[in-house]
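Just so we're on the same page: letters track the sequence lines, and every chain starts at 1.
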2 protein chains.
Amino acid sequence: MTLAKARPRTRIQKKNRAAILEAALEVFSTHGFRGATVDQIASEAGLSKPNLLYYFPSKEAIHSALLERLLDTWLDPLRAIDPQGEPLEEVLAYVRRKLEMSQSLPRESRLFAMEVIQGAPRIHDVLSSDLKQLVDETAALLEDWMAQGRIARVHPHHLIFSIWSLTQHYADFDVQVRAVLGREDPFAAAPAFLETLYRRLLTP
Amino acid sequence: MTLAKARPRTRIQKKNRAAILEAALEVFSTHGFRGATVDQIASEAGLSKPNLLYYFPSKEAIHSALLERLLDTWLDPLRAIDPQGEPLEEVLAYVRRKLEMSQSLPRESRLFAMEVIQGAPRIHDVLSSDLKQLVDETAALLEDWMAQGRIARVHPHHLIFSIWSLTQHYADFDVQVRAVLGREDPFAAAPAFLETLYRRLLTP
DNA sequence: AAACGATTTGACCAAACGGTCAAACTGACG
DNA sequence: CGTCAGTTTGACCGTTTGGTCAAATCGTTT
């Protein structure tokens, strides 16, 4: 009997589906969708290929499941901005959270980056609906704060883009950053640099 | 007779090699190395597959040729920083040049991004030798300027990373940026935003 | 127009790919 | 211990892929 989209029930299913997603994250994030092979994912997960395809109907399905699970966690920090909080501190806290995610979830960042660079064929709709809405709301909040003179006036959308860009850069371009820095750990100085940057940019 | 690595001599070779590289840039930058097929590149270049492989010995060779040609143009703006110039204006001009490159050469940016995200397997050596040296020199120059109090003191390497990150974001994540912005053109507000950002960050 | 290198192509190949299937195995429960 | 749903696998299939090759065509020079 096939599993379809039903939630995993048994202990074995839970374990194997988790192992597959973990393996797929590793492989997809380093080789891209077409660069990854089902055999590779299966062997990384400690399963045979037919066995893997017993849990997920196709390579596509694994990738989709991965992206779906990712999108939520990825946008959580944005949702966590508190409209009642102190504006500058809220933004700085958001930057800090995003940077921590780049450090602790670099593979997720790279998976997302590769998908978007390739034109986001599988998540374009989510970007222009859910993501856009969330960003627009946050941008409106930022504009309120700017209108009240509590942070300096800059283009709110581009402010958000800059935070995504600067924080995810440390995950996506990790190899380049490390190649240039030599022995120095990127994440040693990054938090202070970004705090300085956004403090100077946004202090009224 | 095969062509080996010799420079193209005839008119036809010049034209076809150029067409192949142009087509390969288009295909590689949207599908990644393994996602691109030789047939795809050939048809995009208006050639048959065997004919394409008459000009380049392998898919790998096309990709390498592209990256090699790219690396120079990519780093030119960094080399163009004038040690004798006015510090803040030099940095702002560098930001402007990099942003213009993201706008006029987005495919090159994406090709480079995908290579680095996947661990830079083909250019890792160049990154940790040539690139590192160039960046270290620029960082030293920036530190001089900071020591002289002509720009504010921040981590020079991370300053350079931030410029790469912020400018290339508009090319690499173009789809996402446009999805969020709706009808608004990203490159309308980006230059002013980045100028404000770096002016506030670096004004002593 | 003859001759010769440069260019182009259809046919082909071996390997790798995503996916299928019937058959075998496993383990929890009555 | 028998049973049966749940799990695993070896063998297999059709397609796609990067690449080869001999033969055909083209273009230029004499």
Side-chain angles (χ1 to χ4, degrees), chain A residues 1-28 30-67 114 118 121-122, chain B residues 1-28 30-67 114 118 121-122:
Chain A
M1 179 206 176
T2 50
L3 297 177
K5 297 174 187 175
R7 294 277 95 207
R9 301 161 196 284
T10 77
R11 172 178 45 91
I12 297 181
Q13 281 191 33
K14 237 177 187 146
K15 193 191 67 178
N16 281 347
R17 283 184 66 103
I20 290 170
L21 287 177
E22 157 67 23
L25 175 60
E26 182 71 26
V27 177
F28 280 136
T30 55
H31 298 294
F33 179 76
R34 294 205 43 193
T37 73
V38 177
D39 274 305
Q40 223 176 332
I41 299 173
S43 109
E44 182 99 8
L47 300 175
S48 66
K49 181 167 64 169
N51 198 11
L52 178 146
L53 290 166
Y54 169 74
Y55 291 99
F56 288 88
S58 70
K59 182 183 173 184
E60 269 277 349
I62 308 176
H63 194 252
S64 295
L66 220 45
L67 277 180
M114 299 206 43
Q118 295 183 14
R122 303 158 216 279
Chain B
M1 180 204 176
T2 50
L3 297 178
K5 297 174 188 174
R7 292 277 95 208
R9 301 162 196 282
T10 76
R11 174 176 43 93
I12 296 181
Q13 281 191 33
K14 236 177 187 149
K15 192 191 68 178
N16 280 347
R17 282 184 68 102
I20 291 169
L21 287 177
E22 157 67 24
L25 175 60
E26 181 69 28
V27 177
F28 279 137
T30 55
H31 298 294
F33 179 76
R34 292 201 50 189
T37 74
V38 178
D39 273 306
Q40 223 176 330
I41 299 172
S43 107
E44 183 99 6
L47 301 174
S48 68
K49 181 168 65 170
N51 198 11
L52 179 146
L53 289 166
Y54 169 73
Y55 290 98
F56 287 88
S58 69
K59 182 182 173 184
E60 269 277 347
I62 308 176
H63 194 252
S64 294
L66 262 184
L67 278 180
M114 298 206 44
Q118 296 183 12
R122 303 156 215 279

Student: Please determine, for the side chain of A/Val38, which listed nucleotide (C/dA28, D/dT20, C/dG18) has the closest atom?
Tutor: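 In terms of side-chain proximity for A/Val38, the closest of C/dA28, D/dT20, C/dG18 is C/dG18.
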Student: Measure from OH on A/Tyr54 to P on D/dT9 and round the result to the nearest Å.
Tutor: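 About 13 Å, once rounded to whole Å.
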Student: Would you compute the distance between atom CD1 of B/Ile20 and atom CD of B/Gln13 and round it to the nearest 0.5 angstrom?
Tutor: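 Going from CD1 on B/Ile20 over to CD on B/Gln13, the span is 10.0 Å.
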Student: How close or far is atom C1' of D/dG19 from atom CG of B/Leu47, stated in whole angstroms?
Tutor: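 After rounding, the reported distance stands at 16 Å.
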Student: Closest to the B/Gln13 side chain: C/dA6, C/dG19, C/dG10?
Tutor: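 Nucleotide nearest to B/Gln13's side chain: C/dA6.
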Student: Determine the minimum heavy-atom distance between B/Arg34 and A/Thr37, stating which atoms define it.
Tutor: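 Heavy atoms of B/Arg34 and A/Thr37 come nearest at NH2-CG2, 3.8 Å.
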Student: Which heavy atom of B/Ala19 sits nearest a heavy atom of B/Ala45, and at what distance?
Tutor: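 Closest approach of B/Ala19 to B/Ala45: O-CB, 3.7 Å.
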Student: Measure distances between side-chain N and O atoms of B/Lys49 and base N and O atoms of D/dG18, and say whether any donor-acceptor pair falls under 3.5 Å.
Tutor: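 Pair found.
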Student: Starting at atom NZ of B/Lys15, determine the distance to atom C1' of D/dG27, rounded to an integer number of angstrom.
Tutor: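 Whole-Å distance recorded here is 13 Å.
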Student: Taking for each residue the nucleotide of DNA chain D with the nearest heavy atom, is it B/Phe33 or A/Asn16 whose nucleotide lies nearer the 5' end?
Tutor: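 Closest to the 5' end, via its nearest nucleotide, is A/Asn16.
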Student: With a 4.0 Å cut-off on heavy atoms, is B/Ala36 in touch with a base, just the backbone sugar-phosphate, or nothing at all?
Tutor: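 Contact class for B/Ala36: sugar-phosphate only.
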Student: Quick one: OH on A/Tyr55 to CD1 on A/Ile12, what's the gap to the nearest 0.5 Å?
Tutor: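 Between A/Tyr55 OH and A/Ile12 CD1, I get 6.0 Å after rounding to 0.5 Å.
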Student: Test B/Gln118 against A/His31 for side chain to side chain contact (heavy atoms under 4.5 Å, CB included), laying out the working first.
Tutor: CA-CA 6 Å; B/Gln118 296 183 12; A/His31 298 294; 5.5 Å; no
Student: Figure out the CD1/P separation between A/Ile41 and C/dC17, and round it to whole Å.
Tutor: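 Taking atom P of C/dC17 as the reference, CD1 of A/Ile41 is at 11 Å.
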Student: Can you tell me how far apart CG (B/Leu25) and CG (B/Leu67) are? Round to the nearest 0.5 Å.
Tutor: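 Atom-to-atom, B/Leu25:CG and B/Leu67:CG are 10.0 Å apart.
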Student: Heavy atoms from C-beta onward define the side chain here; which of C/dG18, C/dT9, D/dG18 lies closest to that of B/Pro50?
Tutor: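 Shortest atom-to-atom distance from the side chain points to C/dT9.
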Student: If you restrict it to nitrogen or oxygen atoms, what contacts under 3.5 Å exist between nucleotides 13-16 of chain C and the protein, and what is each distance?
Tutor:
none

Student: Reading DNA chain D from 5' onward, which residue's closest nucleotide shows up sooner: A/Asn51 or B/Ser58?
Tutor: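 Nearest nucleotide further toward 5': that of A/Asn51.
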Student: Measure CG/A/Leu53 against C1'/D/dG10 and give the value in whole Å, please.
Tutor: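 In whole Å, D/dG10 C1' lies 14 Å from A/Leu53 CG.
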Student: What's B/Ile12 touching, base or sugar-phosphate or nothing? Going by heavy atoms closer than 4.0 Å.
Tutor: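 Contact class for B/Ile12: sugar-phosphate only.
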Student: Is any side-chain nitrogen or oxygen of A/Ser48 closer than 4.0 Å to OP1 or OP2 of D/dT9?
Tutor: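 Indeed, a polar side-chain atom of A/Ser48 lies that close.
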Student: Throw together a table of side-chain donor-acceptor distances under 3.5 angstrom for residues 59-66 of chain A, partners on residues two or more places apart or in other chains.
Tutor:
| residue | atom | partner | partner atom | Å |
| --- | --- | --- | --- | --- |
| A/Lys59 | NZ | A/Phe33 | O | 2.9 |
| A/Lys59 | NZ | A/Ala36 | O | 2.7 |
| A/Glu60 | OE1 | A/Arg122 | NH1 | 3.3 |
| A/Glu60 | OE2 | A/Arg122 | NH1 | 2.5 |
| A/Ser64 | OG | A/Glu60 | O | 3.2 |

Student: Using OP1 and OP2 only, check whether a side-chain N or O of B/Tyr55 sits under 4.0 Å from C/dT8.
Tutor: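 Yes.
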Student: Rounded to the nearest Å, what distance is computed from the CD1 atom of residue A/Ile20 to the C1' atom of nucleotide D/dT8?
Tutor: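 Atom-to-atom, A/Ile20 to D/dT8, this comes out as 12 Å.
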Student: Using whole Å, what does the distance between atom C1' of nucleotide C/dT20 and atom NZ of A/Lys59 come to?
Tutor: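 Nearest whole value for this atom pair: 17 Å.
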Student: Rounded to the nearest angstrom, tell me the gap between atom CG in A/Leu52 and atom P in D/dT8.
Tutor: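 Rounded to whole Å, this separation is 11 Å.
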Student: Got a second to check how far A/Ile41's CD1 is from A/Glu26's CD, nearest 0.5 Å?
Tutor: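 Atom-to-atom, A/Ile41:CD1 and A/Glu26:CD are 11.0 Å apart.
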Student: The side chain of B/Arg11 is closest to which nucleotide in this list: C/dT7, D/dT28, D/dG19?
Tutor: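 The nucleotide sitting nearest to the side chain is D/dT28.
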